[in-house]
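Please read the structure below before turning to the comments.
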4 protein chains.
Amino acid sequence: MFEQNQIWDELSLDEEEFTPKQKKIITAAVEIFAEKGYAATSTSEIAKKAGVAEGTIFRHYRTKKELLLSIVAPMMAKMIAPFVIKDINRVLDKNYDSLEDFLRAMIKNREVFLEKNIQLFRILVQELPFHQELQGQFKEHIAAKIYTRMEKVVRHYQEKGDIIDMPPESVFRLFLSTIFGHLMARFFILPPDQWDDEKEMERTIQFLVKGLSPNE
Amino acid sequence: MFEQNQIWDELSLDEEEFTPKQKKIITAAVEIFAEKGYAATSTSEIAKKAGVAEGTIFRHYRTKKELLLSIVAPMMAKMIAPFVIKDINRVLDKNYDSLEDFLRAMIKNREVFLEKNIQLFRILVQELPFHQELQGQFKEHIAAKIYTRMEKVVRHYQEKGDIIDMPPESVFRLFLSTIFGHLMARFFILPPDQWDDEKEMERTIQFLVKGLSPNE
Amino acid sequence: MFEQNQIWDELSLDEEEFTPKQKKIITAAVEIFAEKGYAATSTSEIAKKAGVAEGTIFRHYRTKKELLLSIVAPMMAKMIAPFVIKDINRVLDKNYDSLEDFLRAMIKNREVFLEKNIQLFRILVQELPFHQELQGQFKEHIAAKIYTRMEKVVRHYQEKGDIIDMPPESVFRLFLSTIFGHLMARFFILPPDQWDDEKEMERTIQFLVKGLSPNE
Amino acid sequence: MFEQNQIWDELSLDEEEFTPKQKKIITAAVEIFAEKGYAATSTSEIAKKAGVAEGTIFRHYRTKKELLLSIVAPMMAKMIAPFVIKDINRVLDKNYDSLEDFLRAMIKNREVFLEKNIQLFRILVQELPFHQELQGQFKEHIAAKIYTRMEKVVRHYQEKGDIIDMPPESVFRLFLSTIFGHLMARFFILPPDQWDDEKEMERTIQFLVKGLSPNE
DNA sequence: TATGAATGAGACTTCATTCAT
DNA sequence: CATGAATGAAGTCTCATTCAT
């Protein structure tokens with residue numbers, strides 16, 4: 001259903017061209033980084049799995065770290081994509097009449113995204129604590145940009161009376177925790193046969209809707 | 001307020017004795033593992049920070065990995081402590097009349113625990129994806145034991161009508177996500193001056209109580 | 001008379017190619033292993049003597065032991081060479097009419113061989129007791145193959161009436177002891193000026209011929 | 001039949017006293033040295049097998065090498081014992097009328113000796129090539145002393161007409177090779193069930209007697 | 001562009017030896 | 001006498017990176 005090489009959808013910033021060798025390198029690196037972590041992965045291992053000479057890696061990436069960044073950075077860009085919709089206000093007005101619909105759309109969208117990029121996501125989450133560069137990019141791209149957009153959304157639904165009167169950052173935090181927990185359970189923790197996605201998604205949404213609803 | 005060496009409360013399984021050098025090794029290791037991750041930490045760095053010869057580390061721990069495990073394993077034991085309360089039923093009956101009170105007590109308790117063990121907790125969370133041994137211990141100790149206890153609690157409050165009728169594991173998941181998100185925000189993400197603990201805790205509790213409450 | 005680098009005649013199994021650095025590594029290793037023994041030789045010492053970086057050794061040989069085996073194993077193959085003569089029967093019929101001639105040819109041949117390979121031989125003899133892999137190879141290649149051939153020879157001369165009627169393995173043992181002792185004295189024990197090779201060889205041969213001759 | 005701790009017969013130079021710990025150290029060292037070789041044996045391994053603390057070894061022996069020497073040196077003294085018989089001339093005249101009887105007695109005697117000291121003998125043979133001190137002692141004690149005595153014996157039997165007219169050192173060499181080969185086969189090479197000691201001994205003796213006999 | 005041999009710093013680990021107890 | 005924690009030099013081996021081909 002999802003083709004193997006759709007990593008490229010996420011990694012290529014649309015302009016860049018990759019040689020076949022380079023693609024093999026990235027594919028191999030993503031796989032091993034995800035499994036063993038950046039620090040525990042050797043370039044020779046990547047080269048072997050990619051079927052290229054060790055030197056070839058360094059022809060494309062000056063250092064091992066540059067390889068990591070070249071993998072993770074575009075991932076971040078893609079993560080914020082759905083929030084960068086030009087006119088999010090209009091979107092809100094028209095498309096998602098209710099908070100519930102909005103949440104459902106949002107979660108489904110990110111699930112699809114993650115399904116295509118579990119390994120990349122793993123790497124991001126696992127390496128974030130160890131690399132300042134990543135943290136910087138993360139704060140700048142993800143945290144700041146997403147938060148800015150989400151604040152609008154939150155206020156929108158607060159004005160509509162769907163969300164309790166509470167600082168938007170707290171709403172955001174509770175919202176993020178719930179979504180993140182949902183996705184972790186789905187992708188990393190629970191075996192697929194113990195996870196009924198439709199039902200769990202509804203539970204998550206109801207939990208959020210009720211948890212954030214105004215008192216009374 | 002919190003003494004430096006209370007790591008020992010957690011690590012020593014009450015019986016073991018540590019030589020002074022050994023304590024210095026563990027203290028140093030905890031600090032660097034937490035900061036840079038296990039794989040990126042060298043034993044020579046640990047030795048230097050601990051002020052001992054590198055060989056001394058290997059007199060106490062046969063391998064670097066054994067050092068890691070000796071640090072993380074007891075941590076897990078301590079994490080489940082509050083759930084191993086002998087008579088959790090009675091506790092529920094008497095002490096925590098309302099779900100709200102129970103949640104408040106639980107969160108506060110884990111906050112205090114984490115405040116004393118942020119570094120250890122960091123190491124656990126960061127290394128869990130990379131070490132099968134840890135995953136095994138984690139599943140066995142934390143997941144299984146905590147879940148068993150929590151299921152009772154959930155059913156208790158479901159019978160009381162405080163929690164919606166939903167599979168206990170889903171309640172548990174939503175509950176964990178929220179708590180985990182709360183603690184992450186508190187300890188790792190938000191700068192202390194942007195965090196009003198009293199208020200955020202209340203928000204988290206209200207969110208949980210409402211989110212899990214029965215419909216209508 | 002014998003060039004330095006004829007080790008290659010023995011080591012290379014005719015197909016393999018060695019880089020110049022690899023040759024230097026082997027040359028150095030042979031020298032030091034022979035002098036100090038495998039266990040007492042450090043890879044850094046080999047690297048220094050070979051004029052290469054220590055890492056280079058491990059690019060060609062995964063472990064120090066692999067280096068040892070790569071040195072000793074081909075040596076064994078060469079040791080059995082003269083016994084693998086296709087048609088040893090015809091050789092016996094035609095070339096070596098008398099046991100004496102056969103012995104003389106054999107000893108001389110092995111002397112020449114050893115003269116070219118004293119160091120390799122030393123290593124083999126010195127390390128054999130300590131390495132199961134070597135013992136295995138030794139039994140398989142040397143012991144079994146040589147013995148099989150020699151048994152024919154022994155029976156041949158027994159039928160001719162030159163060797164006493166005795167189990168071939170006992171003849172073989174006495175024969176080997178004498179040759180081995182001869183070679184040890186010649187190469188390892190006695191200083192060259194105390195050793196008149198022509199005369200000693202004749203003594204050894206006469207000793208063998210008479211010692212193995214039928215009674216009466 | 002032979003008690004375990006008869007090493008002491010050989011090691012103690014009759015005067016020395018050994019504490020129980022010291023005995024355990026030596027017993028352990030002998031065992032491991034024989035199996036793995038001196039260089040590949042660690043003092044910690046010895047200590048563990050001996051059931052003493054590592055420091056204890058160095059209380060008795062300043063260095064690891066001193067331990068080795070203290071084990072091997074007395075062994076050499078014992079090896080020459082039968083040759084130091086005060087009045088070897090008289091022995092020759094009376095006890096051993098024939099060369100054959102002399103050889104039989106000698107071989108049997110050394111067999112008994114070796115049977116009690118295989119491990120010590122192994123260590124001696126294995127370590128001799130690597131330690132100058134041992135070589136020095138060996139030349140001085142064994143080679144020189146034994147040879148001096150044996151020369152007398154050889155000349156005695158040459159005068160009697162039992163041994164061919166040949167430089168005594170050559171006789172000695174052939175004699176030693178044969179005996180050494182016999183003992184090696186018996187103790188290190190052949191499995192006991194393939195070795196009929198009585199018969200092999202006779203074969204060895206006949207081989208020697210005939211091999212060394214005068215022509216015609 | 002791609003290779004892979006070579007590097008040398010540094011990783012983890014072992015070891016003989018010392019010394020306070 | 002005996003211990004065993006401590007040492008630091010040295011051991012084997014890995015690694016990211018370079019460079020001639």
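Remember, predicted model here, so these are calculated numbers, not experimental data. Computed from heavy atoms alone, side chains included, the values below leave out hydrogens, waters and symmetry copies. A, B, ... follow the sequence lines: proteins, then strands. Residue 1 opens every chain.
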I need the OH-P distance between B:Tyr38 and E:dA11, as an integer number of Å.
13 Å
Please list, by residue number, the residues of residues 49-67 of chain A whose heavy atoms come closer than 4.0 Å to an atom of DNA chain E; answer none if no residue qualifies.
A:Val52, A:Ala53, A:Gly55, A:Thr56, A:Arg59, A:His60
For the pair made of NZ in A:Lys48 and C1' in E:dT3, what is the distance, rounded to whole Å?
16 Å
Between its two end axes (five pairs each) the helix from E:dA2-F:dT21 to E:dT21-F:dA2 turns, nearest 10 degrees, through 0°
How would you list, by chain and number, every residue that makes a salt bridge (charged side-chain N to carboxylate O under 4.0 Å, His left out) with D:Lys36, sequence neighbours excluded?
D:Glu45
Side chain C:Thr41, main chain C:Gly37, donor-acceptor under 3.5 Å
yes
Under 4.0 Å between any heavy atoms, over every strand shown, what does B:Thr43 touch: base, sugar-phosphate, or nothing? Just pick one.
base
Partners passing side-chain contact (heavy atoms from CB on, under 4.5 Å) against A:Glu66 (at least two apart in sequence or in another chain):
A:Tyr61, A:Arg62, A:Thr63
Salt bridge (charged side-chain N to carboxylate O under 4.0 Å, His left out) filter on C:Glu133, not counting sequence neighbours, yields C:Lys65
Chain C contact limits on DNA chain F, taken 5' to 3' with a cut-off of 4.0 angstrom to heavy atoms
F:dG11 to F:dT14
Under the rule for side-chain contact (heavy atoms from CB on, under 4.5 Å), what residues qualify as partners of A:Gln135, not counting sequence neighbours?
A:Leu128
Audit row: C:Ile123, C:Met75, side-chain contact (heavy atoms from CB on, under 4.5 Å) steps and yes/no:
CA-CA 10 Å; C:Ile123 297 175; C:Met75 164 79 181; over 6 Å; no
A:Ile25 CD1 - E:dT1 C1' separation (whole Å):
11 Å
Evaluate the side-chain contact (heavy atoms from CB on, under 4.5 Å) criterion for residues D:Phe33 and D:Ile46: first the C-alpha distance (whole Å), next the side-chain angles of each, then the deciding distance (0.1 Å), finally the verdict.
CA-CA 9 Å; D:Phe33 282 162; D:Ile46 297 172; 4.0 Å; yes
What side chain to side chain donor-acceptor pair (under 3.5 Å) pairs are there with at least one residue in residues 121-130 of chain D, not counting sequence neighbours?
D:Glu127-D:His131
Run the salt bridge (charged side-chain N to carboxylate O under 4.0 Å, His left out) test against A:Lys49 and tell me which residues pass, sequence neighbours left out.
A:Glu31
Counterpart residues, salt bridge (charged side-chain N to carboxylate O under 4.0 Å, His left out), relative to D:Glu54 (two or more places apart):
B:Arg59
Those residues at least two apart in sequence (or on a different chain) that pass side-chain contact (heavy atoms from CB on, under 4.5 Å) with D:Ala73 are D:Gln137
D:Ile46 atom CD1 is separated from E:dA16 atom C1', nearest whole Å, by 11 Å
Over how many whole Å does the gap from D:Ile32 atom CD1 to E:dA16 atom P extend?
11 Å
Tell me which residues in residues 126-135 of chain B put a heavy atom below 4.0 Å from DNA chain E, sorted by number, or none.
none
Test side-chain contact (heavy atoms from CB on, under 4.5 Å) applied to C:Lys64 and C:Tyr38, step by step
CA-CA 9 Å; C:Lys64 185 185 159 194; C:Tyr38 168 79; 3.7 Å; yes
Give the C-alpha distance, both sets of side-chain angles, the deciding distance and a yes or no for side-chain contact (heavy atoms from CB on, under 4.5 Å) between C:Leu120 and C:Leu124.
CA-CA 6 Å; C:Leu120 284 173; C:Leu124 175 61; over 6 Å; no
